[in-house]
Amino acid sequence: MYPILSSKKLAPNIFEFVVKAPLVAKNAKAGQFVIVRTHEKGERIPLTIADFDPQKGTVTIVFQVVGKTTDELSTFKEGDSLRDFVGPLGTPSEIEFFGKVLVVGGGVGIAPIFPIAKALKEAGNEVIGIIGARSADLLFWEEKVKSVCDRLIICTDDGSKGLKGFVTQAMEEVFKENGDIKRCWAIGPLIMMKFATQVAKKYNIPIIVSLNPIMVDGTGMCGACRCTVGGKTVFACSHGPEFDGTLVDFDELIKRGERFKEEEKLAWERYKAMKEGKTNVQD
Amino acid sequence: MSKIRKTKVPMKEQPVEQRIKNFNEVPLGYTPEEAIEEAKRCLQCKDAPCIKGCPVEIKIPDFIREIREGNFKRAIEIIKQDNSLPAICGRVCPQEEQCEKECRLNKIGEPVAIGRLERFVADWEAEQGIEKPKIPSPKGIKVAVIGSGPAGLTAAGELAKMGYDVTIFEALHDTGGVLRYGIPEFRLPKRIIDREVEYIKMLGVKIELNAIVGKTITIQQLWDEGFQAMFIGTGAGLPKFMNIPGENLNGIYSANEFLTRVNLMKAYLFPEYDTPIKVGKRVAVIGGGNVAMDSVRTAKRLGAEQAMIIYRRTEKEMPARIEEIERAKEEGIIFHFLTNPIRYIGDERGNVVAMECIRMELGEPDESGRRKPQPIPGSEFTIEVDTVVVAIGTGPNPVLLQAFPELKLNKWGYIEADPETGATSVPGVYAGGDIVTGAATVISAMGAGKRAAKAIDEYLQKKIKRDAP
Ligand SMILES: Cc1cc2nc3c(=O)[nH]c(=O)nc-3n(C[C@H](O)[C@H](O)[C@H](O)COP(=O)(O)OP(=O)(O)OC[C@H]3O[C@@H](n4cnc5c(N)ncnc54)[C@H](O)[C@@H]3O)c2cc1C
Ligand SMILES: Cc1cc2nc3c(=O)[nH]c(=O)nc-3n(C[C@H](O)[C@H](O)[C@H](O)COP(=O)(O)OP(=O)(O)OC[C@H]3O[C@@H](n4cnc5c(N)ncnc54)[C@H](O)[C@@H]3O)c2cc1C
Ligand code: SF4
Ligand code: SF4
Ligand code: FES
């Protein structure tokens, strides 16, 4: 069992847990993820390692409620324990001294961009950050991300904070102003990563994205997470999750994300009904 | 001597109409009377050819004699001298190619049902409540076992019986390897794996779940923590695909994903369990081995109207166990032999709706001695499907190998290990099971685990003498 040492609501539907998992914390690197299971009957869901402290033996995860498991997870409080918490999974981000770099986090993708920015900064890079959300109340970790960036740009779709517009618009601005960006990272919803890739491509800047397909084991054993990258099938959990954005078949990924749409809907509705006490299906 | 019956005492089974609607075990086991009657068929051959057919050389006539006399306790003791997981082997060993193949009774009829008798006494013992084993005095020497499949469980059990302080590191959240995530409940109930794992724990073995060696804990960290030797039993769990167009369409699973969802995650009980599985009306399983047979019979139980096997050779070449092929036929599985998929066709939402296949013919025998299938030009045709399971084989589990570059691999990417001892290119590191041989059998993985345990003991004895001041 993996105890939750602190739990925080960061925004409506976005939560942060600090979890005690000494072995994971000891070996974690930026860009890696864990697989979490809430209870004996639960699903295995992947979540990015948003921060980690090898000394304290803790790992921070940030998740958005999008379905049954994340909804259930949001009911967990400080002192509760997670049934399973395995990692660090995936290949770490390629961190070295590049010079000037850009990191972009959209929505809940703000969290996974933090450890990457931090590692890039520690490697001596000049880090420009962009974080964006639909509106101001959905933004989080601004100070935290700022602390590892040389410059941070904030944007919201509705203009309620920072620049009005999508993160891709801010990316255009940054690329126009800075001709010397060596590499960029973009993490967020698939559709955002798809458009961010188009922008980077236009300015000829290498771009890394972090893919989030449906997974089961997370160790390369099942092939549920397969994606097409550069015309070849790869397993996001073991070969990735980070890939060269220009090679990723985003349209296939978006379709593959809907493999279990009806089942996911059914599970969530059933759970919500149970939560509201309408039925006691989970006897 | 009275005339012996030519055929095995039949074992009761769940009727077909009933079993295709549930995941309960199909064969129901012998009663004591039936077991004794079957045991009476054994000729008690002096040279016991059956023993040579068993990879762990169980003293077959001896344990069968005890059953005949009604001494079930003695019978199980004899089996356990050579096989620590009899309830599992009695169910899933390919007996027709091993012990029973060599049985003298084949000359006049069916062989003695050695597997069924083994299963019977193992289940009988479990009903009595397994006795706490005698635990030897601890040696205080730590050994790490990586992977909790049959190879790892056996190695751990044997080492614990010698007094070593054994810890198993398992990547998944539960034990058993393929026994749990691959082989379905209707062939090997999970409670039997639980029982065997419980026994291994009673021997003092510690089990760390969610511990991926090479990720959660590195090889160096294991040495640093004072482990003096290691056994690697990480299996051949990397799924292969055919790399044909459309293979990433929705509705196409690897057998590993399909079976893991159903078995490990219990998706057949969705939504009571959270992990979903989607099985349509027309399911095609590609392949002809045990894995394909397990997948197709699982699909049937999940409600497929047409559950099909697509196999590129003929029935004769199918590597699956004959018994399982027979059961699949009884359950209404459709077989398309000499057929191979060449591409999948999807709808606008990315769901598979059909597969294009080509007819095959058998040519000259290849290196493996099997006749090589070749496509017949111009014979393409389409089959409508909404679910496909690709069960064409697996490769070595990569995680540990990547994290352990010092380990020498063979040309197929499996660990190079001495077949007698399991010794690898790294001193103190032993390996066995599917990660050495490629996908094989439960009993061969166990045999390797057992031989490696012996070799590890010898290695450590020597090391202690050498290191002693
Ligand atoms: C490497 C990786 C890192 C991720 N990191 C984060 C993170 O830091 N924060 C965060 O909020 N989310 C993250 N996700 C996504 C997160 O795993 C899903 O939101 C979660 O599984 C949804 O589960 P659910 O039961 O609540 O929703 P469901 O109703 O089951 O599904 C809702 C959506 O989640 C996707 N999904 C469902 N099951 C899985 C699964 N087993 N694996 C992956 N996706 C699934 C579906 O495609 C669907 O779009 C990550 C995914 C991956 C692969
Ligand atoms: C569907 C199916 C049906 C089968 N039917 C039969 C049958 O009827 N009869 C028969 O004899 N054989 C059968 N087999 C084959 C048999 O199951 C295997 O040969 C046997 O399980 C191999 O045992 P193993 O211990 O080598 O590996 P596995 O059983 O594969 O176990 C390996 C374990 O190691 C773990 N692991 C991997 N990497 C790491 C790591 N880095 N750190 C920690 N743990 C790790 C895995 O999670 C797994 O639990 C079948 C196989 C399948 C897939
Ligand atoms: S372990 Fe397998 S091969 Fe050996 S006697 Fe038992 S069933 Fe036969
Ligand atoms: S070969 Fe057959 S008949 Fe002879 S001892 Fe073995 S099981 Fe009995
Ligand atoms: S999640 Fe199973 S192979 Fe990637």
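In what follows, chains are A, B, ... by sequence order, proteins preceding strands, each numbered from 1.
The distance from the CZ atom of Arg349(B) to the CZ atom of Arg259(A) is 14.0 Å, given to the nearest 0.5 Å. With values rounded to the nearest 0.5 angstrom, Glu247(B) atom CD is found 7.0 Å from Thr233(A) atom OG1. From Asp217(A), atom CG reaches atom OH of Tyr181(B) across 8.5 Å, with rounding to the nearest 0.5 Å. With values rounded to the nearest 0.5 angstrom, Arg256(A) atom CZ is found 8.5 Å from Leu249(B) atom CG. For the atom pair CG (Asp274(B)) and OH (Tyr271(A)), the distance works out to 9.5 Å, reported to the nearest 0.5 Å.
A donor-acceptor pair under 3.5 Å is formed between the side chain of Arg270(A) and the backbone N or O of Pro271(B). Of the possible donor and acceptor atoms, one in the side chain of Asn250(B) sits under 3.5 Å from a partner among the backbone N and O of Lys255(A). With Thr216(B) contributing its side chain and Leu23(A) its backbone, the two residues share no donor-acceptor pair below 3.5 Å.
Around NZ of Lys190(B), the count of heavy atoms belonging to other residues, nucleotides or ligands within 6.0 Å exceeds 12. Within a 6.0 Å sphere centred on NZ of Lys26(A), heavy atoms belonging to other residues, nucleotides or ligands number 12 at most.
Residue contact with chain B, scored on non-hydrogen atoms closer than 4.5 Å, is absent for Lys232(A). Only the side chain of Ile214(A) comes within less than 4.5 Å of a heavy atom of chain B; its backbone N, CA, C and O stay farther away. Contacts of Lys266(B) with chain A are absent, with no heavy-atom separation under 4.5 Å from either backbone or side chain. Interface residue Gln221(B): only side-chain heavy atoms are found under 4.5 Å from chain A. Ser238(A) does not touch chain B: none of its heavy atoms, backbone or side chain, sits under 4.5 Å away. With a threshold of 4.5 angstrom between heavy atoms, Glu348(B) approaches chain A through N, CA, C or O but not through any side-chain atom.
Of all heavy-atom pairs between Cys222(A) and Ser254(B), the closest is O-OG, 2.5 Å. When all heavy atoms of Leu266(A) and Phe270(B) are compared, the closest pair comes out as CD2-CE2, 3.8 Å. Of all heavy-atom pairs between Pro239(B) and Gly220(A), the closest is CD-O, 3.6 Å.
Using a 4.5 Å heavy-atom threshold, the side chains of Pro276(B) and Glu262(A) count as separate. Contact of the Glu272(B) side chain with the Lys41(A) side chain is registered, since non-hydrogen atoms from C-beta on lie closer than 4.5 Å. In this structure the side chain of Met221(A) reaches within 4.5 angstrom of the side chain of Leu172(B), judged on heavy atoms.
Of the listed residues (Ala224(A), Cys227(A), Ala21(A), Ala267(A)), the greatest number of heavy-atom pairs within a distance under 4.5 Å of chain B belongs to Ala224(A). In terms of non-hydrogen atom pairs under 4.5 Å with chain A, the most contact-rich of Ile252(B), Asn397(B), Asp174(B), Thr394(B) is Ile252(B). Between chain B and the options Ile254(A), Ile35(A), Asp84(A), Thr38(A), heavy-atom pairs under 4.5 Å are most frequent for Asp84(A). In terms of heavy-atom pairs under 4.5 Å with chain B, the best-connected choice from Val216(A), Asp251(A), Thr69(A) is Val216(A).
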Handout entry: Residue pair Met265(B), Arg37(A): steps toward the side chain to side chain contact (heavy atoms under 4.5 Å, CB included) verdict
Key = CA-CA 11 Å; Met265(B) 305 310 298; Arg37(A) 210 163 64 115; 4.1 Å; yes

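In summary, of the residues considered (Arg44(A), Glu40(A), Arg83(A)), a side chain to side chain donor-acceptor pair (under 3.5 Å) with His173(B) occurs for Arg44(A) alone.
Taking non-hydrogen atoms and a 4.5 Å limit, the residue list of residues 255-262 of chain B in contact with chain A, ordered by number, reads Asn256(B), Glu257(B), Thr260(B), Arg261(B).
A perpendicular orientation is assigned to the rings of Phe241(B) and Phe235(A), their planes being inclined by more than 60° (bins at 30° and 60°).
Counted by atom type alone, Asn248(B) and Arg226(A) present one or more donor-acceptor pairs between their side chains at under 3.5 Å.
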